[in-house]
Amino acid sequence: MASLRFVLKRLLLLVPVLFGVATVVFGILHLAPGDPARIIAGQRASAEQVAQVRRELGLTRPLWVQYLDFIWEAARFDFGRSYSISQGNPVRQVLADRLPVTVELALYGQLAGIFIGIPLGVLSAIKQDTATDHLTRVGALSGISVPIFWSGPLLILLFATFLGVLPTSGRIDSTLFLPTTWTLLGRELPLTGMITVDALLLGRFDAFVSAVRHLLMPALVIGIYATALISRMMRSSMLEVVRQDYMRTARAKGQGAKITVTKHGFRNALIPVVTIIGIQFGTLLGGAVLTETVFGINGMGLTIVRAIGASDYPVVQGTVLTFALLFTLVTLVVDITYGYLDPRIQQ
Amino acid sequence: MSTDTHADDGPGDAADDRRETRGLLERVRASPFLSDLLSNRLAVAGLLVILTVVVVAVYARVTMDLTELTRSRLGTDVPDRAPPGWVGPAAWNQYLFGTDAAARDIYKRCLYGAWLAMKFGTITVGVSTVVGVSLGIVAAYYGDVTDNVVMRTMDVLLAFPPLLLALALVAIFPRELGLWRAVAALTLVYTPRFARVVRGAALKVLEDEYVNATVALGASDPRILARHVLPNTLAPVTVQSTLNFGLAIIDLAALSFLGFGAQAGTPSWGLMLSRGVDNGLLTGRWWLSFFPGLVLAVTVLGFNLLGDGMRDALDPRMREAVD
């Protein structure tokens, strides 16, 4: 009961934040330089044509009408049509195509971070102040200091240009073609858009291998960053827990060091790390933008970069709002998990 | 020789000098924060890196001409895309890091990049610190509606993934502003972090009884804030600023890399990297992107080493206040 109330309260608190987020995004269009009507009509259009487009876009209405209209549209996740980068297509369609690409990338990076970072952090804490610990810590600090837009190009130079073992860019070999639907028990279903998952659903092993080869380097650069962040947090959290009284009690009643660390220490040390994984998900999404640009992966990141460059404001608004929504939802899930792991938080 | 000098200066001055030196050493030793920090080898290494970058930055600013570094040298006798001197033929020896696609000296541009990174990094972190600290203190002290309005606004800004908010904000500012629009966008991105840290620290101080006592004695609001609340928030703010400085340098470079920062030709590390990727990735001209990235990464590592050491040296209870 208490936890249901906790979840509901968290959800309610989200409403004003999302409202504010939508307001900021609305402001971007109206503060941005350049006339959207002029962008759509083209440089050679006459003044009447531009005025016509402006009327069609509803830009002649009072600002507060446009604002309310935008909030209503944002609530239905409808941002109109792309001005230029995917001209005439609904922004919603652009987002639906691109989002799975970015989620797939961020997910693999995050998973690598969790599965490598947590053991490394525990190891570092258990072996505090030894060579292993120092090496891990300096490694982790270097990991967060090396920008993705440097490690990415270096990997491409090494593995693609010089060794020629991995492809430089894209998501899959251009000779391979995946359909947009798959059939399960005679019914036709849409695919996920996550290429490794789709290849498996279709039973296309060649496509799967190709997708993994393309994903290896991009996931690695994000993974390095996530690993560095998580191992640092895991280490300090573990060290904090080891000093607690209940750890000493467990040892005093004759429990072995290994069991104490795994049963009591590890589980409690994970709690704050869960929060960090949520907070750093935002940084990871930013990392995905840079990674997509470096590796030419056509996801949300590359889309927003192109949209800003081309003043395609509906696409900019749609992508920014989607990113913020995604980040907020992850934070919410983390909060709820945190409340579940540590019931004291719910009070 | 030394006795002569002492004789000239008079015995009193020398004694003062000695007392002052001893005083400083004692103060360092007496401060657990500073002695902890200075006994942390990694933190000292970070400090040395930062000092080196500062020296390089000032040296580059004083001795080099920006227009000379920006202008294309194609058509002169300087080879373009020449590998670093120690790799290529002896005639190119003078180019330690090689030359770029416009035949410019990458080594010199990397040095000048240090100046740009430090200058714009300082402005970004400086402004967001000052604004964030003010907002945080005001929110904590006045509480109630003020607190709610300020902190809920900060919450909204914190709801965006940092780099994406920066990208969205960059779209607002005109292109001609160059690196300044990256500075403006990132300042807005970082300010809420400072506001949150400071508000937390300030709330702790305000619970202390001596603040109530000062209020009872009739101290004015500005006096309480400046004399009692502000000094107590300085420690977490300093750590946050140091760690954020590294971030600011990366983010400024990232925006330039994506094409929303420094204008064409500017010797900023991010832009050099982006041009290096365009011109050298597939042809194997690794030096175009390797060196700008290296100096960028080493500089950021310096700030992270120092910031990390400062956080460790702080009172453990304060550690929670800084993320």
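Values reported hereafter were calculated over all heavy atoms of this structure, with side chains retained and with hydrogens, waters and symmetry mates removed. Just so we're on the same page: letters track the sequence lines, and every chain starts at 1.
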Ranked by heavy-atom pairs below 4.5 Å to chain A, first place among B/Leu273, B/Leu42, B/Asp155, B/Val170 goes to B/Leu273
Kindly determine whether A/Thr293 and B/Leu258 satisfy side-chain contact (heavy atoms from CB on, under 4.5 Å), including the steps that lead there. CA-CA 8 Å; A/Thr293 315; B/Leu258 293 172; 3.4 Å; yes
CG/B/Leu158 to OG1/A/Thr328 distance, rounded to the nearest 0.5 angstrom? 10.5 Å
Cut-off 4.5 Å, heavy atoms of chain B, and the answer for A/Phe162 is side chain
Under a 4.5 Å cutoff for heavy-atom pairs, which residue among A/Leu284, A/Ile308, A/Thr331 has the most contacts with chain B? A/Ile308
Comparing A/Val320, A/Leu325, A/Val21 against chain B, the one with the most heavy-atom pairs below 4.5 Å turns out to be A/Val21
Identify which part of A/Ile304 has an atom lying under 4.5 Å from any heavy atom of chain B, answering side chain, backbone, both or neither. side chain
Measure the CG-CZ distance between B/Leu167 and A/Phe323 for me, rounded to the nearest 0.5 Å. 9.0 Å
Which bit of A/Ile144 is near chain B, if near means a heavy-atom gap under 4.5 Å: side chain, backbone, both or neither? both
What's the shortest heavy-atom distance between A/Gly282 and B/Pro161, and which atoms? O-CB, 3.5 Å
Output for pair (A/Leu141 CG, B/Leu305 CG), nearest 0.5 Å, gives 5.5 Å
Do you know which of B/Gly246, B/Gly259, B/Ala253 has the most heavy-atom pairs under 4.5 Å to chain A? B/Ala253
Tell me, out of B/Leu163, B/Val300, B/Leu164, who's got the most heavy-atom pairs with chain A below 4.5 Å. B/Leu164
Member of A/Thr168, A/Leu154, A/Ile156 meeting the side-chain contact (heavy atoms from CB on, under 4.5 Å) criterion with B/Leu281: A/Ile156
Can you tell me which portion of A/Val17 sits under 4.5 Å from chain B's heavy atoms? Options are side chain, backbone, both or neither. both
Taking CZ in B/Arg41 as the centre, count heavy atoms belonging to other residues, nucleotides or ligands within less than 6.0 Å. Is the count above 12? no
Check whether any side-chain N or O of A/Thr161 sits under 3.5 Å from a backbone N or O of B/Gly284 as a donor-acceptor pair, and report yes or no. no
For A/Ser145 and B/Asn304, which heavy atoms make the closest approach, and how far apart are they? OG-ND2, 2.9 Å
Which of the residues A/Val24, A/Val146, A/Val316, A/Leu326 is involved in the greatest number of heavy-atom pairs with chain B at under 4.5 angstrom? A/Val24
